[in-house]
Protein chains: 2
Amino acid sequence: MTPSSASTAHTSNTDFYASHDKLYVATDCIIFGFDDGDLKLLIFKRRVEPDSGIWSLIGSFVKIDEDVDEAARRVLKEITGLEEIYMEQSKTYGKAERDPGHRCISVAHYALMRINDHDRELTQSHGAFWYTLQELPRLALDHQDMVRDALDKLRRRARYQPIGFELLPEKFTIPQLQKLYESIYQRELDPRNFRKKVLSLKVLVKLDEKDKSGSKRGAYLYRFDSEKYQELLESGYNFEI
Amino acid sequence: MTPSSASTAHTSNTDFYASHDKLYVATDCIIFGFDDGDLKLLIFKRRVEPDSGIWSLIGSFVKIDEDVDEAARRVLKEITGLEEIYMEQSKTYGKAERDPGHRCISVAHYALMRINDHDRELTQSHGAFWYTLQELPRLALDHQDMVRDALDKLRRRARYQPIGFELLPEKFTIPQLQKLYESIYQRELDPRNFRKKVLSLKVLVKLDEKDKSGSKRGAYLYRFDSEKYQELLESGYNFEI
DNA sequence: GCAAAAGTGTTGAATCTACACCCATGC
DNA sequence: GCATGGGTGTAGATTCAACACTTTTGC
């Protein structure tokens, strides 16, 4: 907003701002990963009193001279060691009583990462673990809501943007991609229809290699071609799975 | 977040919070209305120095004991006199330099209202005017971005939720509804296909009245049946236009 | 040789798009 | 009686969902 956009009776900017409240602003990250056929969430077990033993998302306060999304990236880096992670703002949680005893709002962000990329030691040193959505324990504060809402956004977005690829290694097989979408939407997909659909988008490049980890026969590896995707977008196309 | 979710080396909650920064938190409202076949935006012309004459969205600071969405509702009420307005959180704007000279983040909300419902005198007393999207003047700060993003969200949401009805009077005609969607998506729709589609959703109730304001022949009035819509939702349906 | 996953095509149903004319009424 | 917007149906193209068998290979 601008000073006096709602009320115009103030005399100077300085007075106008000074007469209002300041709040703690935090950011919390809902970090999704994909491994072993399952969509997982990186959560953190507090290991000091008080509240030792309660699981929560990873977060931090936003500093006075720091962009909010910069704060979220800082958190991600601190926890995973990675700088280039796909991240989107999810939603802001602003209930006055959401953090008992303090007035603190939180701007939640969700992130998508390849589980194998990150620095496991660093993660573990923070007491963080990957949990599947099914096994997720109760989380602190309104973090439960944050996870629900972020999953909701992820599902919606995955329908019209190829963000699924952020969760897979650079080279992946079609069955892997299918398992990923199955675990995002929590329902089974038909392998024939799925393959047909993703290939019809023409944003995958078939490689001359096979991945044999999933079967004896092995499955061809593909990679995502973001240039072709850009072309698609510019010609008005809409990615849908 | 919770204290020590990112770093665990602090001694007590009090110290932990106190060692961090507090920021101004504002909310800005992107208020959409529909009138005269056009989607419009309620914007505000500052009439006092400094910056007199610059258009901006309506906003306010969030008070220390107030929910963020409560603050947005307060703004809406102050400006329009209305309490029951459809409102959604849009996005949080948190660049450190977005408001030069102050550290202030803003949680934008968009609202949908029936233009004729509101208190015109109250609105005018705040220096607010309705502008079509095409005629929109340059706005202060990052308000331009806020409008773009909110319109984006509105378009997406209008595809799977019947929020269009929030912008129309209780009783409306199919041609009116079509004009609304045309002005949201800024493209023309085929009247036969449009009618077919909205009626196939079976959430409209045809009334025995006609509206003759648009033509000599008159068009039948309909109303939105939110009970039928609930049933649809519960049976797993997805509203799409 | 068999278990286990990869890969492949077709058909009917549903949905989408494009398109042109008559209707009712106020003037 | 004519101008104006309201209302209606169809055909072809596209997309979607459902469905079963063959291939490859490590063991």
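Every chain is numbered from 1, with letters handed out A, B, ... down the list of sequences.
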Could you state the atom-to-atom distance from [atom1] of [X] to [atom2] of [N] in whole Å?
X	N	atom1	atom2	answer
A:L199	C:dG9	CG	C1'	14 Å
B:D211	C:dA24	CG	C1'	15 Å
B:K197	C:dA18	NZ	C1'	14 Å
B:E188	C:dA18	CD	P	13 Å

Outermost contacting nts on DNA chain D, any atom under 4.0 Å from chain B heavy atoms, listed 5' then 3', are D:dA3 to D:dT10

Computed from five pairs at either end and rounded to 10 degrees, the angle between the axes of the helix from C:dG1-D:dC27 to C:dC27-D:dG1 is 0°

Closest of C:dT25, C:dT17, C:dG9 to the B:K196 side chain is C:dT17

- Task: Start with the C-alpha distance between A:K77 and A:E83, add both sets of side-chain angles, then the distance that settles salt bridge (charged side-chain N to carboxylate O under 4.0 Å, His left out), and finish with yes or no.
- Result: CA-CA 6 Å; A:K77 170 128 192 240; A:E83 304 209 37; 3.1 Å; yes

Residue set satisfying salt bridge (charged side-chain N to carboxylate O under 4.0 Å, His left out) with A:D38, at least two apart, ordered chain then number -> none

Sorted by chain and residue number, the salt bridge (charged side-chain N to carboxylate O under 4.0 Å, His left out) partners of A:D190 (sequence neighbours excluded) come out as A:R192

*asked:* One thing to verify: whether A:K171 and A:E209 come together as a salt bridge, which I'm taking to mean a side-chain N less than 4.0 angstrom from a carboxylate O.
replied: yes

Residue set satisfying side-chain hydrogen bond (donor to acceptor under 3.5 Å, both in side chains) with B:E135, at least two apart, ordered chain then number -> B:T132

Comparing nearest nucleotides in DNA chain D, the 5'-proximal residue of the pair B:P191, A:K210 is B:P191

Can you tabulate the close N/O pairs, meaning under 3.5 Å, that link protein atoms to atoms of nucleotides 4-6 of chain C?
| unit_1 | atom_1 | unit_2 | atom_2 | d |
| --- | --- | --- | --- | --- |
| C:dA6 | N3 | A:R217 | NH1 | 2.6 |

